[in-house]
Number of protein chains: 2
Amino acid sequence: MKANVYVTLKNGVLDIQGRAVMDALGSLDFKELKDLRIGRFMELEVDAATPEEAKARVTEMCKSLLANPVIEDYRVEVAE
Amino acid sequence: MKANVYVTLKNGVLDIQGRAVMDALGSLDFKELKDLRIGRFMELEVDAATPEEAKARVTEMCKSLLANPVIEDYRVEVAE
């Protein structure tokens, strides 16, 4: 079963990498860019009997290792 | 207008970071994990008259800076 995990910085946490990329795009004349935030995107393949079980296990993985709950939010989507 | 960009390694390109995280999850007893690949996820806010224009400009940004076309694929989604 495929699962996607999206990890993003919480609102209010300064995204230094995103700011640097935004400044670089500004100097490349992309003046229409108003905001840019960078996160991680993970594609997982897991063995599970049901989508609910897959989602629960991947959520456990996020809590254990994939995300930093202090400054990051995560979202789990099970694809099939 | 909001746009999301997903940047992933092309198939066939070894994902060293993903492999390291997969091994770490394996040693945390997540044995059901069969594959894991890590990419980047970017949330952009752009000024544009139409979704089509926003998509075209964000695609330009990907080509100019956000993705490495040699080893990465990217996907642009305009949200509203």
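In what follows, chains are A, B, ... by sequence order, proteins preceding strands, each numbered from 1. What you see is a predicted model; the values in this text were computed from it and never measured.
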Handout entry: Point-to-point distance, once rounded to the nearest 0.5 Å, from CE of B:M22 to CE of A:M42
Key = 14.0 Å
Problem - Spacing of A:M61 atom CE and B:L33 atom CG [to the nearest 0.5 Å] - result: 4.5 Å
Linking I/L/V/M/F/W/Y whenever any side-chain heavy atoms sit under 4.5 Å apart, do [X] and [Y] land together?
{"X": "B:V5", "Y": "B:L9", "value": "no"}
{"X": "B:V78", "Y": "A:F41", "value": "no"}
{"X": "A:Y74", "Y": "A:L44", "value": "yes"}
{"X": "A:V7", "Y": "B:Y6", "value": "no"}
{"X": "B:I38", "Y": "B:F30", "value": "yes"}

Practice task
With a 4.5 Å cut-off on heavy-atom pairs, point out which of B:K31, B:R57, B:R40 contacts chain A the most.
Solution key: B:R57
Completion exercise
With chain A, the option among B:E32, B:K34, B:E60 that has the most non-hydrogen atom pairs under 4.5 Å is B:E32
Handout entry: Interchain contact, A:L28 with chain B, by part (heavy-atom threshold 4.5 Å)
Key = side chain
Practice task
Counting only heavy atoms closer than 4.5 Å, note whether B:L65 contacts chain A via side chain, backbone, both or neither.
Solution key: side chain
Problem - Toward chain A, the part of B:D29 with a non-hydrogen atom under 4.5 Å - result: backbone
